[in-house]
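Take a look at the structure set out below.
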Amino acid sequence: MDVKQLRQQTPGCEHRTHLNNAGAALMSTTTLEVMRAQLRLEAEIGGYEAEAAVFDRIEGTRRSLAQLVGGDQDEIALFDNSTHAWNAAFYSLPLRRGDRVLTGVNEYGSSALAYWQVSRRTGAELVVVPNDSTGQVDVAVLADLVDERTKLIGLTWIPTSGGLVNPAGEVGKIARAHDVLYLLDATQAVGQLPTNVGELGCDLLTGTGRKFLRGPRGTGFLWAGERAIERLDPHVVEIAAATWDGATGFGWHRGAQRFETWENSYVNVLGLGSAVDQALAIGLSAIAERAISLGRRLREGLDQIPGVTTHDLGADRCAIVTAALTGRDASEVKDQLTARGINVSTTVPEHNQFDTEVRGVHPLVRFSPHYYNTDDEISRTVDIVAAIAAASPRNDGS
Ligand SMILES: Cc1ncc(COP(=O)(O)O)c(C=O)c1O
């Protein structure tokens, strides 16, 4: 990987140390230009006409996403974020009283809310599978819990709240063995880890464009395999999803398109396609290796600093690093880093209630490097955190 060249093609690298790739990564100039050109075309010839002019490239985004996850083009539905993609899958699952949904402690906040809502509506039961001693979902407990009542395993591969990589493929084996649908939230994983739906054993996978994929904000996608297409009843129907047969009713469109809505930002869709193509060209294994090793270096560096503790769970960890500074608010530390040109974010206790109830560590400062970050940036960040940790806390009376 030519990091120098990749940084030159990333305008944001000139101004900041961007360690908020789990929030939204920096777009490349190529993606920026693709989007600018389409926006200009829309202004010059009309929105529908501009769409028609690039129809094949729009389909190309679907092809690229299919390649990214190891699926077929027909199995990809485009969305404006990952939450809507996930909702399209989850709310389409027929559930009733007595059914069970199994999930993990590190499930994403919006998904947990959706489980609760549907549980209230239908009487289906939500079961939260505990973590094992390493902090990842306990696969043995999960295997014991799956029975004829289980209609869905919903799991987050990499949570928003730390460096954990859940054993998504192991969970897939359990889902397959019991013929249970498996919905995998891969929002923080796509663009960071090699992703193959066959190896993962999932039926549904959701992703977002703006995070490790480096696509524009306002993009997301759902991959839905054959079993899911057969078993789900899409929760809404509209003209992009189905054909109205007049007095006789309607028929669903083929494949995952039945989950889509008609209107879309094709500027964003083309931007997403460009970002995915770039990730594929660099190679997901190379991306993962570099991003994770930068994360590891950062975690090790932070762990050396007196008064700083990292809190990443699991046997297998990714590029996301979370840390607390004794006596310091996470948001205050974030602000201090921002003032020194380092972008980070913080975790939110209310968005991670299952985890908060177990560990009570949030809010934490969340650092998330990507492959275009450098060793120097990591070292400088560690030095600045050390300086913040060493300075007297403002409110402790010292
Ligand atoms: C693990 C996880 N799942 C889902 C989401 C939601 O993604 P989006 O904001 O694209 O809807 C996020 C966003 O941070 C996330 O981290």
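It should be emphasised that the depicted structure is a prediction, and the values quoted were computed from it without experimental measurement. For ligands, and for the atoms within them, numbers begin at 1 and follow the listed sequence.
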*Applying a strict 4.0 Å limit to heavy atoms, is K211 in contact with ligand 1?*
yes

*Pick whichever of W157, F79, Y108 has a heavy atom sitting closest to atom 12 (C) of ligand 1.*
Y108

*For ligand 1, indicate whether the residue D185 contacts it via side chain, backbone, both or neither (heavy-atom separation under 4.0 Å).*
side chain

*Distance to 0.1 Å, residue and atom name: give those for the protein heavy atom nearest to atom 16 (O) of ligand 1.*
Q188 NE2, 2.9 Å

_Under 4.0 Å from a heavy atom of S82: which atoms of ligand 1 are those, numbered in the order shown and with their elements?_
7 (O), 8 (P), 10 (O), 11 (O)

*With heavy atoms of T156 as the reference, note each atom of ligand 1 found under 4.0 Å away.*
1 (C)

*Side-chain donor-acceptor pair under 3.5 Å between T10 and R214, yes or no?*
yes

*When only distance counts, is T83 in polar contact with ligand 1, meaning an N/O pair under 3.5 Å?*
yes

*asked:* Is the contact between T206 and ligand 1 made by the side chain, the backbone, both, or neither, using heavy atoms and a 4.0 Å cut-off?
replied: neither

_H235 and S92 side chains, donor-acceptor separation under 3.5 Å_ = no

*Using heavy atoms and a threshold below 4.0 Å, how should the contact between T208 and ligand 1 be classified: side chain, backbone, both, or neither?*
side chain

*List every atom of ligand 1 that sits less than 4.0 Å from any heavy atom of R210, numbering the atoms from 1 in the order shown and giving each element.*
8 (P), 9 (O), 10 (O)

*Go through the side-chain N and O atoms of Q9 and S28 and say whether any donor and acceptor fall under 3.5 Å apart.*
no

